[in-house]
Amino acid sequence: MMKTVSLTIDDKQIETQAGNTLLWAALDNGIYIPNLCSLRHAAAPAASCRLCWVEVEGKAQPVTACTEIAAEGMVANTRGTQALRLARNGFELLMASHPIECARCAALHVCELLKIAGHLNVKLNKNPYRKLVHHLPIDSSNPLFNYDPNKCVVCGRCVSICRERGTGVLGFAHRGFDRRATTFYDELIGDSACEQCGECVRACPSGALTFKVSVNV
Amino acid sequence: MTTTGVQAIIPAFQELKVCAEAHWKGLWKSGRTVITVGTAACGQAAGALEVLQAFRDEVSKLNLDCRVIEVGCMGHCYAEPIVIISKPGYPAICYGHVNPVIAGTLVKEFVAGDNPCLEFVLGALEKNDLIPSLSEFPRAQYEKKLILKNCGHIDPTDIEQYIANGGYLALEKALRMRPEKVIDEVKRSGLRGRGGAGFPTGQKWEICRNSAGKPKYAICNADEGDPGAFMDRSIIESDPHSVLEGMLISAYATGARQGYIYVRAEYPLAVERVQIALRQAKKLGLLGREILGSNFSFDIKLFQGSGAFVCGEETALIASLEGEAGTPHVRPPYPAVSGLFGKPTTINNVKTLTYVRHIINNGAEWFAGIGTKGSRGTAVFALAGKIVNTGLVEVPMGTTLRQVIFEVGSGIPNGKKFKAVQIGGPSGGCLPESALDLPIDFDSLKKAGAMMGSGGMVVLDEDDCMVEIARYFVEFTQRESCGKCTYCRLGTKQMLEILTDITKGRGKLEDIDMLQHLAEGVKAGSLCGLGKTAPNPVLTTLRYFRNEYEAHVREGRCPSLMCPDLIAYYILPHKCERSCDACVGTCSVEAISPDKKRIKVIDQEKCVKCNNCLVACPLQYNAVVKLSPPGKVPTSKK
Ligand SMILES: Cc1cc2nc3c(=O)[nH]c(=O)nc-3n(C[C@H](O)[C@H](O)[C@H](O)COP(=O)(O)O)c2cc1C
Ligand code: SF4
Ligand code: FES
């Protein structure tokens with residue numbers, strides 16, 4: 001039998017497999033913590049979306065739940081003011097650089113950003129930051145799906161899944177504000193070695209990758 | 001280690017040492033003059049290679065018994081090219097600002113004759129009755145050269161010169177100690193990492209030694225990406241073996257078998273000198289299998305990095321060594337536990353490693369006796385910006401900023417007023433006049449909002465706008481950010497937009513508060529050290545120079561008259577000399593024309609603020625001024 005540890009998250013007593021991160025321990029037990037970049041079986045967490053903040057008793061600063069290993073007797077709080085402030089600020093930064101056009105967006109019904117906005121009580125039309133979006137062309141060269149790089153939130157889900165189950169044509173490129181998921185030398189996905197398995201589209205939380213014909217996911 | 005191994009070390013090293021000392025003595029053979037020319041990158045930029053050639057040509061033309069050799073940088077970069085002439089019967093004399101013509105003169109007059117040409121002298125290397133010595137300069141009383149001692153005094157491409165000057169002695173000594181004892185010595189010395197974070201070096205080595213996993217690795221971080229910093233480059237160019245020796249000792253202590261020196265490819269001279277040093281060390285059995293006949297084997301490879309700032313961050317550097325994209329990873333695990341290829345790895349800065357041999361040679365107590373309680377040893381800074389003596393300085397920790405800037409650096413040039421000192425580059429901060437009496441050490445600087453960083457010290461005067469400085473650094477970090485994590489990728493971009501607006505006179509008061517809010521968020525929320533420290537230039541300027549931000553925003557005024565959008569050039573009619581039109585021709589857009597009385601007037605619509613007229617106006621008239629806000633320019637009566 002696998003060893004388990006028991007801990008408390010938001011006053012709820014839970015058990016999880018030893019070695020699990022706080023994030024997956026919470027999610028498996030029905031406690032939502034906003035997250036975009038964590039993959040359950042990844043060798044090491046990317047810890048790049050900076051949304052999964054929790055406060056852990058005994059630690060002065062909030063920590064990211066995806067990097068914190070659940071320990072026996074740990075007491076964590078996902079609704080502490082400091083953790084929520086960091087999560088909200090980070091999310092608002094993401095939204096300030098995400099085109100808000102939900103009504104026209106093919107991902108409207110599967111959008112995880114909307115879910116996070118709801119959870120954190122962030123209003124999409126009232127962002128304190130400046131609207132800074134890219135105006136890159138939409139790549140519709142692939143018969144199965146479109147890629148709108150302006151909506152990419154750099155979570156890395158598509159990149160991982162493409163390497164794992166697809167042909168590995170997706171990766172990250174460019175620095176700073178320009179970083180995004182793309183193909184080698186930004187070639188059109190239709191011209192790449194993509195075999196259209198569609199896994200990346202199913203993984204995308206932000207509506208950057210969407211099927212041309214809506215299919216059930 | 002087997003006893004036979006230990007026993008082999010002493011004679012093996014002794015043999016090398018005798019050989020090297022004979023070589024060194026031969027160089028200084030009595031009756032012969034030796035000329036050393038500093039040809040590190042700073043010297044070369046000032047024309048040292050031409051000077052070197054001129055010396056060689058003249059010496060061979062006159063057929064003199066005189067050796068001309070290349071050395072590294074002495075730290076007096078402001079006076080490059082620097083030459084030292086050691087002639088029997090005279091103290092060794094250091095000359096500054098030498099050019100090929102002066103070189104020819106020095107050979108004819110001094111080497112062949114007996115006129116030491118006092119007009120070109122910087123100072124003598126030792127006290128004497130003839131010429132004031134460098135040690136009598138006021139700065140000498142504050143300087144303490146440990147790791148810069150060899151720099152500029154030995155030929156970096158000649159391992160024997162290094163050995164003859166005490167080189168590899170610490171390695172020999174360490175190999176006869178137990179590795180745990182070496183670690184203990186470094187721990188007790190209190191040495192902290194000079195790459196920025198100040199982590200205790202001995203502790204890092206101990207963690208690596210005690211971590212399971214083989215093989216272990218040792219990495220020297222010579223990425224040095226901070227604008228304004230050049231200490232690591234200079235040490236590698238001037239004394240590369242001291243870095244190798246430090247790596248060897250660290251590897252012996254941790255049990256590492258393979259080492260890497262990560263140098264940025266933009267440092268071609270450093271790359272070349274490391275390559276030469278590695279080759280020579282291997283040839284003498286100081287690197288490779290069974291070093292000095294012991295059973296310690298260690299090899300070092302040179303790796304040329306792409307020169308990205310973020311690749312200096314240790315996890316990004318390791319990723320880049322592994323052939324992956326140079327993006328940081330979350331820590332823990334720390335590299336000492338799981339680093340290169342998932343194996344225990346020590347990663348240390350160039351300077352950190354260079355201290356090691358001095359600690360082994362002189363003992364932990366000696367090192368701990370220098371500096372302050374929390375920061376032992378010396379601090380090495382690259383002095384740059386508005387300071388008379390640019391160059392490298394090494395002072396004991398605890399020396400005040402004032403002493404470094406005004407005594408060692410000789411203060412601000414052109415009678416200008418000190419405004420701030422930027423320490424630690426893009427991760428550091430700007431400290432004002434009131435902080436000048438702070439002792440330089442890891443903790444005081446951090447408390448004041450700056451950071452030791454890797455040791456850049458840029459002095460700013462009254463002409464430097466603090467908002468523009470903050471904008472410059474945020475532009476740098478935004479460009480150099482890997483873009484992986486949300487706060488750094490987007491937060492620094494938001495900050496840059498606001499700062500740009502403020503310097504262009506488009507800022508609003510709320511922007512200043514938003515800037516503070518963003519800076520705090522990026523600091524708290526970013527994944528790696530780049531993002532966590534990127535806000536420091538903004539936070540410190542907001543803390544110490546908020547009035548400058550407010551002047552930009554409230555009055556559209558740049559108090560330092562630096563932001564082009566907030567200033568106007570104006571010719572004071574009462575000072576303008578009718579018969580002079582020096583400015584007219586220099587204007588790049590023909591914006592200046594004389595009025596009826598031949599007083600020159602600038603057409604503000606046309607002016608592109610190139611500054612040419614201000615420079616061109618003869619000093620005795622000094623009629624061109626900058627005004628801010630631009631609205632201050634009196635409307636001209638046509
Ligand atoms: C953005 C960034 C850039 C860095 N650049 C350098 C560098 O150029 N050289 C260096 O030695 N350390 C640099 N560091 C620090 C390294 O991550 C690491 O702490 C250091 O090499 C450890 O060596 P030390 O213990 O000898 O200081 C950088 C850190 C960050 C966050
Ligand atoms: S803080 Fe900046 S440089 Fe570091 S991981 Fe995040 S985006 Fe990359
Ligand atoms: S899920 Fe933790 S940082 Fe993205």
Side-chain angles (χ1 to χ4, degrees), chain A residues 21 34-38 42-53 60-64 66-69 82-83 85-98 116 127-134 152-156 159 171-182, chain B residues 306 308-311 315-316 319 324-333 338 342 474-498 500-501 506 508 510-511 513-515 517-528 530-532 534:
Chain A
T21 62
N35 71 90
L36 289 171
C37 71
S38 185
S48 59
C49 74
R50 318 307 286 165
L51 298 178
C52 62
W53 299 98
Q61 304 295 329
V63 295
T64 43
C66 66
T67 58
E68 197 69 24
I69 303 294
Q82 284 193 67
R85 182 181 316 129
L86 277 167
R88 278 199 188 112
N89 287 347
F91 184 67
E92 280 167 348
L93 280 170
L94 276 177
M95 290 304 94
S97 293
H98 185 83
I116 296 172
N127 194 303
Y129 303 118
R130 300 183 180 200
K131 197 81 205 166
L132 301 173
V133 288
H134 285 290
C152 173
V153 290
V154 200
C155 67
V159 174
F172 285 116
H174 310 291
R175 293 189 162 272
F177 183 61
D178 296 331
R179 184 174 170 93
R180 59 178 176 274
T182 180
Chain B
S306 60
F309 176 58
V310 71
C311 284
T315 61
E324 304 281 320
T327 47
H329 296 277
V330 64
R331 296 177 315 176
S338 168
V474 173
E475 185 179 38
F476 177 86
T477 33
Q478 161 60 212
R479 193 175 59 229
E480 293 291 323
S481 155
C482 80
K484 178 176 172 177
C485 75
T486 303
Y487 271 101
C488 176
R489 177 179 75 249
L490 301 174
T492 57
K493 179 74 178 171
Q494 295 275 349
M495 283 160 65
L496 180 58
E497 292 285 314
I498 292 177
T500 305
D501 273 1
R506 299 189 298 241
K508 300 186 211 58
E510 314 84 88
D511 285 340
D513 293 330
M514 179 49 107
L515 197 57
H517 166 79
L518 277 163
E520 284 165 7
V522 173
K523 191 176 177 121
S526 292
L527 171 61
C528 88
L530 188 148
K532 285 187 214 279

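A, B, ... follow the sequence lines: proteins, then strands. Residue 1 opens every chain.
- Note that the CG atom of B:Leu490 and the CG atom of A:Leu132 stand 8.5 Å from one another [nearest 0.5 Å].
- Contact of B:Ser526 with chain A is made through the backbone alone, with heavy-atom distances under 4.5 Å.
- Using a distance-only test at 3.5 Å, with no hydrogens or angles considered, no donor-acceptor pair links the side chain of B:Gln494 to the main chain of A:Tyr129.
- Every residue two or more places apart in sequence or in another chain was checked for a ring pair (Phe, Tyr, Trp, His ring centres under 6.0 Å) with A:Phe91, and none qualifies.
- Heavy-atom distances place both the backbone and the side chain of A:Ala47 under 4.5 Å from chain B.
- Taking every heavy atom of both residues into account, B:Gly521 and A:Leu86 meet most closely at O-CD2, 4.5 Å.
- Here B:Leu518 is the residue among B:Thr492, B:Leu518, B:Val522 with the most heavy-atom pairs under 4.5 Å with chain A.
- For the salt bridge (Lys or Arg N to Asp or Glu O under 4.0 Å) condition, no pair includes a residue of residues 478-492 of chain B, sequence neighbours left out.
- Of the inter-residue distances, the one linking B:Cys485 atom SG with A:Arg179 atom CZ reads 10.0 Å to the nearest 0.5 angstrom.
- Looking at A:Pro62, there are no atoms closer than 4.5 Å to chain B (heavy atoms on both sides), in backbone or side chain.
- Remark: A:Asp178 does not engage B:Lys493 in a salt bridge, criterion side-chain N to carboxylate O under 4.0 Å.
- In this structure, OH in B:Tyr487 is found 13.5 Å from OG in A:Ser48, a value given to the nearest 0.5 Å.
- Looking only at side-chain heavy atoms (C-beta outward), A:Pro128 and B:Met514 come within less than 4.5 Å of each other.
- Most heavy-atom pairs under 4.5 Å with chain B, from the set A:Cys37, A:Ala46, A:Pro45, A:Ala87: that is A:Ala46.
- Looking at B:Thr486, its side chain never comes within 3.5 Å of a backbone N or O of A:Arg50 through a donor-acceptor pair.
- Between A:Phe177 and B:Gln478 the shortest heavy-atom distance is N-OE1, 2.6 Å.
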